[in-house]
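To find a chain, count down the sequence lines: A is the first, B the second, and so on, and within it residues start at 1.
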Amino acid sequence: MKRTLTNALPPALVVLLTLAAWEAVVRLRHVPEYLLPGPLRIAAALRDDWPALYPSLLQTLAVTGEALLAAAVLGAGLAVLLMQAKWIERSLFPFAVILQVTPLVAIAPLLLIWVKDVRLALVLCAFLVAFFPVAANTALGLQSADHHLLDLMRLYGASRWQVLRFVRLPSALPYFLGGLRISGGLALIGAVVAEFVAGTGGAASGLAYRILEAGYTLAIPRMFAALVLLAGSGVLLYALLSGLSYLVLRRWHESAVRREGVLSSG
Amino acid sequence: MALPGPNVRDGEPVVRLHQVAKRFAGGTEALAGFDLAVAPGELLALLGPSGCGKSTALRLMAGLAEPTAGSLERRLPAPHAVGFVFQEPTLMPWATVERNVALPLELLGLPRAEIRRRVEERLVGLGLGGFARAYPRELSGGMKMRVSIARALAARPRLLLLDEPFASLDEITRWKLNDELLDLWQREGLTIVFVTHSVYESAYLATRIAVLSARPGRILGEIAVAAPSPRGADYRSSEEYLRICRAVSTKLAEALGKS
């Protein structure tokens with residue numbers, strides 16, 4: 001308990017001091033609200049605009065969550081598929097790489113034209129950026145299984161499925177979870193970028209839409225309030241996925257074991 | 001007595017390698033003209049300089065690799081009648097000790113109750129009774145190796161192959177496990193082949209020591225160890241033990257000299 005406190009105190013203090021300095025600069029130099037509102041003003045906007053912001057937050061989180069779930073399932077699925085044969089890997093992996101290196105902003109307009117349902121298009125965009133880290137990491141994990149353990153499986157005449165279930169999938173688990181942590185942030189970014197591209201015309205109204213809207217009406221505190229919610233969601237998502245990773249791996253994987261007693265590694 | 005022993009003792013050999021050669025894809029020739037027959041019930045040590053192909057010979061016997069030339073016969077009731085212990089414990093870090101030991105039995109599709117019974121029996125037999133729920137990383141090196149041996153024995157093999165199993169353990173643990181291995185061998189009528197680079201370990205454990213030449217490995221000579229069992233601390237300081245160590249060392253020097 002005491003240790004948690006001493007660990008948490010310095011960063012909390014730094015955050016408070018930064019916010020105080022921000023507020024002080026804004027007040028003392030009379031920075032206009034439409035250029036940079038102070039933290040207190042942003043907090044007020046957050047409170048006042050909550051009825052509009054909250055549904056948007058839920059909307060963006062839902063899109064992010066669905067995209068991340070799809071990326072986890074399909075990414076891991078593709079990794080398993082790629083491992084089945086060299087020719088499958090050689091023929092499918094380039095597509096995954098092409099999707100990864102093409103900027104989302106460039107594909108998003110096309111997807112929004114092709115897919116009638118705007119919400120589905122948003123999920124698809126977020127999925128496209130979140131997919132690759134899971135797939136690539138899981139593929140690496142599946143290949144990283146201990147060779148002696150694989151020998152052992154051969155010794156007992158294990159089937160392909162048994163090798164996957166007993167050795168390859170558990171070996172890939174830490175890699176998969178690492179990929180998922182990266183994908184979480186990417187899914188959120190993907191959802192926001194797609195919302196931006198969809199713009200105000202779309203029926204959907206996520207946080208990015210609120211930011212656009214606030215920008216048009218020069219409601220800068222409100223824009224910041226939406227940004228705070230976005231950043232907070234990103235941090236929370238990362239913390240959740242790190243927590244999940246810790247819970248799953250804490251008994252056996254070095255990455256989780258070493259973190260014991262440390263506040264957080266990131 | 002340290003006499004060159006006959007290649008085959010009583011009974012049909014469990015594994016027989018005849019003029020076996022093994023060349024890897026990279027061109028490395030690990031074994032050439034390798035002749036060896038493993039008699040049932042013996043405790044055979046394969047001793048040789050490092051990189052001489054000892055481990056390759058063991059992998060061939062296990063059926064984990066195919067010889068490039070020559071013939072290899074295995075007389076075993078089932079493919080899983082071989083247990084293999086690697087140099088590292090090679091445990092599944094994500095599984096408890098009992099799940100690790102149960103692995104071969106789960107792969108063979110035995111009923112749950114039977115698996116639990118056999119695992120329990122093995123764990124108790126190797127002094128792991130209290131560690132069934134522990135994870136490998138919570139165990140010492142010696143305990144991990146015990147788990148590895150328990151796993152290799154879980155499916156009740158006829159032939160147990162060990163690849164420098166105790167090389168990374170401290171001397172005290174090593175001696176203790178040597179005694180436990182001897183004990184298992186006597187109790188269960190196993191045939192054991194183990195690879196080692198320790199003259200003293202081979203002289204203490206084996207009923208026959210096969211010395212390999214430098215790469216490409218072949219059998220340079222064999223030394224039968226007629227010491228009575230059970231062997232113990234007395235044997236380790238006996239005249240005969242020293243004589244065998246000397247004979248083995250001489251052969252090993254010969255192996256190194258020819259490289």
Side-chain angles (χ1 to χ4, degrees), chain A residues 76 79-80 83 86 137-138 140-181 242-262, chain B residues 55-56 58-66 74 76 78-97 99-110 133-139 144 147-149 151-157 159-165:
Chain A
V80 170
M83 207 200 55
K86 262 277 167 263
N137 268 31
T138 310
L140 181 67
L142 291 170
Q143 301 294 349
S144 306
D146 185 332
H147 282 243
H148 285 322
L149 270 180
L150 294 175
D151 278 344
L152 202 70
M153 300 303 278
R154 251 178 65 211
L155 199 66
Y156 292 106
S159 67
R160 230 185 162 85
W161 161 243
Q162 282 177 321
V163 174
L164 189 68
R165 181 185 148 208
F166 285 104
V167 176
R168 289 204 187 268
L169 285 180
S171 304
L173 193 58
Y175 293 82
F176 166 78
L177 290 167
L180 203 60
R181 247 192 289 182
S242 299
L244 174 74
S245 177
Y246 172 75
L247 275 182
V248 175
L249 303 179
R250 83 204 131 110
R251 286 302 296 269
W252 64 275
H253 199 258
E254 296 305 324
S255 70
V257 172
R258 264 198 228 111
R259 277 228 299 280
E260 258 172 17
V262 179
Chain B
S55 299
T56 307
L58 210 62
R59 289 176 63 83
L60 289 173
M61 289 185 218
L64 289 172
E66 294 295 321
R74 303 203 299 160
L76 292 163
H80 61 264
V82 178
F84 203 109
V85 177
F86 299 92
Q87 185 171 352
E88 299 299 320
T90 314
L91 302 173
M92 304 182 289
W94 54 83
T96 57
V97 164
R99 292 292 312 254
N100 265 291
V101 176
L103 178 71
L105 307 174
E106 286 187 39
L107 291 175
L108 296 174
L110 264 59
R133 297 282 153 83
Y135 282 80
R137 58 165 297 278
E138 297 160 357
L139 302 178
K144 278 187 220 171
V147 178
S148 190
I149 294 172
R151 178 181 61 191
L153 293 173
R156 294 186 183 147
L159 175 65
L160 181 63
L161 305 171
L162 303 102
D163 187 2
E164 297 194 28

For A:G178, does its backbone N or O pair with a side-chain atom of A:R181 as donor and acceptor, under 3.5 Å? no

Which bit of [X] is near chain B, if near means a heavy-atom gap under 4.5 Å: side chain, backbone, both or neither?
X	value
A:L173	neither
A:D146	side chain
A:S171	both

Would you mind writing out the side-chain donor-acceptor pairs for residues 82-97 of chain B within the sub-3.5 Å range, not counting sequence neighbours?
unit_1	atom_1	unit_2	atom_2	d
B:T90	OG1	B:E88	O	3.0
B:T96	OG1	B:R99	N	3.4

Of A:N137, A:V167, A:V80, the one forming a side-chain contact (heavy atoms from CB on, under 4.5 Å) with A:L142 is A:V80

Interface moiety of B:R151 toward chain A, non-hydrogen atoms closer than 4.5 Å: both

B:A102: side chain to side chain contact (heavy atoms under 4.5 Å, CB included) partners, not counting sequence neighbours: B:E106, B:I115, B:V119

